[in-house]
Amino acid sequence: METEPVTYEVTDGYAVITLNRPDKLNAFNEAMHGALIQALERAEQDAAVRALLLTGSGRGFCAGQDLSDRSFPTDGEAPDLGATLERLYNPLVRRLRALPKPVLCAVNGVAAGAGANVALACDIVLAARSARFIQAFCKIGLVPDSGGTYSLPRLVGEARAKALALLGTPVSAEQAEAWGMIWQVHDDADLMPEAQKLCAHLATQPTRALGLIKRAIQESATNDMDAQLDLERDLQREAARSPDYREGVAAFLEKRPPRFTGA
Ligand code: LHQ
């Protein structure tokens, strides 16, 4: 029986989405792309899901494009990889960024090529101490994609971004944390418990506000200060209309923990 390329499970108010092609270090083929987009849509639409946890099964997180996929031609006529990006990878990264709920990525092992950049497109990235991030594209004559040329220089600066992309040098999880490329590194055995703890916490928080916070921070990358002040004004207006804002203030004044519903 064919195994599911992505598994989906809801627990404690958050969805766990697991890339599940461990024999290929969870490299992307068409089926995995389709299943991942479907899982993200499902999590976005389900009001009971208030955070997402993306991870990989087996010893790797994701080795990027499956270089042995038959639908990804390597001989004969030059393949149109621009079309592949337009159809599969770009919608994936856009959806992760636009999702109005926090997306945590638990990088359980190597993250290479598009796999590294999909991880970096998530909102909070944790990594196992044994994980590595590799901009592998230059090793096969390609350009970093899946948002890597956008996120890397913003996360680690132009000097490191260029060296990583031009050399394809692996970055250890510890180095990634020290550079601010990811949020935290954990011992391998602690990665999933820590990720689950954070997601369970996020799932009790004011989801609507968290979605707006995510949007504000993302838009700051291309806004000037004036535009960002305007955006904060608009998003704050929206946040203040939410029942969770009312609940947050009431709980503070009543000196009790808030009971946010995500609305
Ligand atoms: C793989 C893969 C893989 C198939 C490991 N494919 N089998 C491209 C084109 C189009 C449009 C969009 O964007 C892209 C984006 C990209 O992602 S391009 C970059 C593609 N990825 C790579 O170039 C990475 C290739 N993989 C590696 O360099 C290594 O496997 C890494 C460094 C990830 C891990 O090394 P090891 O830990 O030594 O593992 P391994 O190499 O032994 O791999 C384990 C198995 O996984 C092995 O299969 P086997 O049958 O021999 O056990 C690999 O062939 C398979 N695998 N990556 N991308």
Side-chain angles (χ1 to χ4, degrees), residues 2-7 17-37 40 54-97 105-122 125 127-153 155 161-176 181-182 185 188 191:
E2 189 91 338
T3 52
E4 291 296 318
V6 169
T7 65
I17 298 173
T18 307
L19 307 179
N20 191 34
R21 303 185 69 228
D23 296 348
K24 300 267 188 182
L25 300 179
N26 305 316
F28 277 103
N29 63 3
E30 294 257 351
M32 197 172 93
H33 268 292
L36 180 54
I37 279 284
L40 294 176
L54 177 65
T55 191
S57 67
R59 72 174 177 89
F61 170 69
C62 175
Q65 169 68 36
D66 185 333
L67 298 174
S68 65
D69 190 16
R70 269 169 307 177
S71 61
F72 174 73
T74 50
D75 52 12
E77 237 176 86
D80 182 354
L81 295 192
T84 309
L85 292 182
E86 193 64 34
R87 192 166 60 83
L88 300 171
Y89 290 86
N90 290 357
L92 168 61
V93 171
R94 288 190 172 114
R95 185 165 282 270
L96 285 168
R97 300 272 295 179
C105 186
V107 181
N108 52 300
V110 68
N117 294 336
V118 165
L120 297 180
C122 296
V125 185
R129 205 167 297 282
S130 67
R132 291 166 290 154
F133 295 82
I134 312 175
Q135 295 296 321
F137 308 86
C138 59
K139 307 262 186 202
I140 56 168
L142 291 181
V143 174
D145 59 28
S146 305
T149 59
Y150 179 93
S151 51
L152 261 189
L155 290 168
K162 278 188 180 159
L164 293 179
L166 292 169
L167 301 170
T169 310
V171 180
S172 69
E174 280 174 24
Q175 184 68 84
M181 202 169 117
I182 63 167
V185 56
D188 288 22
L191 176 71

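When a residue number appears, it is its place in the shown sequence, counting from 1. Counting starts at 1 for both ligands and their atoms, following the listed order.
Of all the heavy atoms of F137, the ones lying under 4.0 Å from any atom of ligand 1 belong exclusively to the side chain. At a heavy-atom distance under 4.0 Å, only side-chain atoms of D145, from C-beta outward, approach ligand 1. The side chain of I134, and not its backbone, has at least one atom closer than 4.0 Å to an atom of ligand 1 (non-hydrogen atoms only; side chain from C-beta on).
Partners of R59 by salt bridge (Lys or Arg N to Asp or Glu O under 4.0 Å), not counting sequence neighbours: none found.
Taking both residues in full, the closest heavy atoms of N117 and S146 are given as CB-O, 3.5 Å, listed atom of the first, atom of the second, then distance.
Contact between D23 and ligand 1 is present, with at least one heavy atom of the residue lying under 4.0 Å from the ligand. Assignment of R132 to the shell around ligand 1 is supported, since a heavy atom sits closer than 4.0 Å.
Not a single N or O atom of Y89, backbone or side chain, sits closer than 3.5 Å to an N or O atom of ligand 1. On a distance-only criterion, R59 and ligand 1 share at least one N/O pair closer than 3.5 Å. Between A63 and ligand 1, an N or O atom pair is found at a separation short of 3.5 Å. Inclusion of V110 in the set of residues having an N or O under 3.5 Å from an N or O of ligand 1 is not warranted. For a threshold of 3.5 Å applied to N or O pairs, the pair formed by S68 and ligand 1 contains no separation below that value.
Atoms of ligand 1 lying under 4.0 Å from any heavy atom of K24, numbered from 1 in the order shown and given with element: 7 (N), 46 (O). With ligand atoms numbered from 1 in the order given, ligand 1 contributes 5 (C), 30 (O), 34 (C), 39 (O), 43 (O), 44 (C), 46 (O) to contacts under 4.0 Å with heavy atoms of L25. Ligand-side atoms of ligand 1 in range of L81: 9 (C), 10 (C), range being under 4.0 angstrom from any heavy atom. Every atom of ligand 1 with a heavy atom of A114 under 4.0 Å away is listed here by number and element: 15 (C), 16 (C), 17 (O). Numbered from 1 in the order shown, with element, the atoms of ligand 1 that lie under 4.0 Å from a heavy atom of L85 read 11 (C), 12 (C), 13 (O). Distances below 4.0 Å separate heavy atoms of G64 from the following atoms of ligand 1: 17 (O).
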Before giving the answer on side chain to side chain contact (heavy atoms under 4.5 Å, CB included), spell out for V6 and L19 the whole-Å C-alpha distance, their side-chain angles and the decisive distance to 0.1 Å.
-> CA-CA 5 Å; V6 169; L19 307 179; 4.3 Å; yes
CA sep, side-chain torsions, deciding dist, call: V143, F137, side chain to side chain contact (heavy atoms under 4.5 Å, CB included) = CA-CA 6 Å; V143 174; F137 308 86; 5.8 Å; no
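Within the structure, salt bridge (Lys or Arg N to Asp or Glu O under 4.0 Å) pairs that include any residue of residues 164-173 do not occur (at least two apart or interchain).
Around atom 19 (C) of ligand 1, the closest heavy atom drawn from N29, I140, V143 belongs to I140.
In this structure, the side chains of V118 and L54 come closer than 4.5 Å at one or more pairs of heavy atoms. Contact of the R21 side chain with the D66 side chain is registered, since non-hydrogen atoms from C-beta on lie closer than 4.5 Å.
A distance-only check finds a donor-acceptor pair linking the side chain of N26 to the backbone of S57 [under 3.5 Å].
Classification of the Y89-F28 ring pair by plane angle, with boundaries at 30° and 60°, yields perpendicular.
Of the N and O atoms on the side chains of S130 and D188, at least one donor lies less than 3.5 Å from an acceptor on the other residue.
Atoms CD1 and CG, on I37 and L88 in that order, are 8.5 Å from each other to the nearest 0.5 Å.
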